[in-house]
Amino acid sequence: MNQTDFIKKLEGAIEAEWTANDFYKRLKEETPNPLFKDFIQHAEEDEEKHYHSFQKLYYQLTGRYYEHPMKRMEFESFEDGVVEALKDELEAYELYRNMLLHMPVQYAYEPLFIAMTDEMEHATRFSTIYGRLR
């Protein structure tokens, strides 16, 4: 993966983190369960941190911040939202792992590693919620 490809993937990651943060803000309002709210709030806060760290990395690589479209994930029910969140977290983990293996600069390591491990944690949290819904 060359630096141009890496930057394209980073743009996608920035968009995904912004979208996930917005999604989790809305998803946590759909459950009265305090444990579920706490798990989702944790993921929401992490996604905001990832967004900012990826924007910083983008700036370091390009000299500007990435201006991205504001996407909104919709969901039919709380359970559907949890399933979508679980799938998205697992996909993000794979993306960040692959980006980590092909990072063009050493300073990309920390934000990618943190996001990758956080996504695994989020997947565990959403899997727990899903299991409790069944």
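- At most 12 heavy atoms of other shown residues, nucleotides or ligands fall within 6.0 angstrom of atom CZ in Phe113.
- Here the CG atom belonging to Leu86 is positioned 13.5 Å from the CZ atom belonging to Arg125, to the nearest 0.5 angstrom.
- Hydrophobic clustering (side-chain heavy atoms under 4.5 Å, transitive across Ile, Leu, Val, Met, Phe, Trp, Tyr) groups Met70 together with Tyr66.
- The existence of a salt bridge linking Arg72 and Glu74 is confirmed by a sub-4.0 Å separation between a basic side-chain nitrogen and an acidic carboxylate oxygen.
- For the ring pair (Phe, Tyr, Trp, His ring centres under 6.0 Å) test with His68, the passing option among Tyr58, Phe54, Tyr51 is Tyr51; the others fail.
- Here the shortest heavy-atom pairing between Leu90 and Ala123 reads CD2-CB, 3.7 Å.
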N/O donor-acceptor pairs under 3.5 Å from side chains in residues 126-134, not counting sequence neighbours:
{"unit_1": "Thr128", "atom_1": "OG1", "unit_2": "Thr124", "atom_2": "O", "d": "2.9"}
{"unit_1": "Tyr130", "atom_1": "OH", "unit_2": "Arg134", "atom_2": "NE", "d": "3.0"}
{"unit_1": "Tyr130", "atom_1": "OH", "unit_2": "Arg134", "atom_2": "NH2", "d": "3.0"}
{"unit_1": "Arg134", "atom_1": "NE", "unit_2": "Glu79", "atom_2": "OE2", "d": "3.4"}
{"unit_1": "Arg134", "atom_1": "NH2", "unit_2": "Glu79", "atom_2": "OE2", "d": "3.0"}

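- Between Lys28 and Lys37, the shortest heavy-atom contact is O-NZ, 2.8 Å.
- At most 12 non-hydrogen atoms from other residues, nucleotides or ligands lie less than 6.0 angstrom from NZ of Lys9.
- The pair Lys49-Glu45 does not meet the salt-bridge criterion, since no charged nitrogen lies less than 4.0 angstrom from a carboxylate oxygen.
- Between the side chain of Asp38 and the main chain of Pro34, no donor-acceptor pair closer than 3.5 Å is present.
- Counting non-hydrogen atoms of neighbouring residues, nucleotides and ligands closer than 6.0 angstrom, the CD atom of Gln41 exceeds 12 such neighbours.
- Ionic pairing of Asp22 and Arg26 is present here: one or more N-O contacts between side-chain nitrogen and carboxylate oxygen are shorter than 4.0 angstrom.
- For an aromatic pair to be called close, the ring centres must be under 6.0 Å apart, and Phe23 with Phe75 satisfies this.
- Between the side chain of Glu48 and the backbone N or O of Asn21 there is no donor-acceptor pair closer than 3.5 Å.
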- Item | His42 and Asp46: CA distance, side-chain angles, deciding distance, side-chain hydrogen bond (donor to acceptor under 3.5 Å, both in side chains) verdict | CA-CA 6 Å; His42 183 92; Asp46 282 350; 3.3 Å; yes
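- The two residues Phe6 and Met103 come nearest to each other via the heavy atoms CE1-CA, 3.7 Å.
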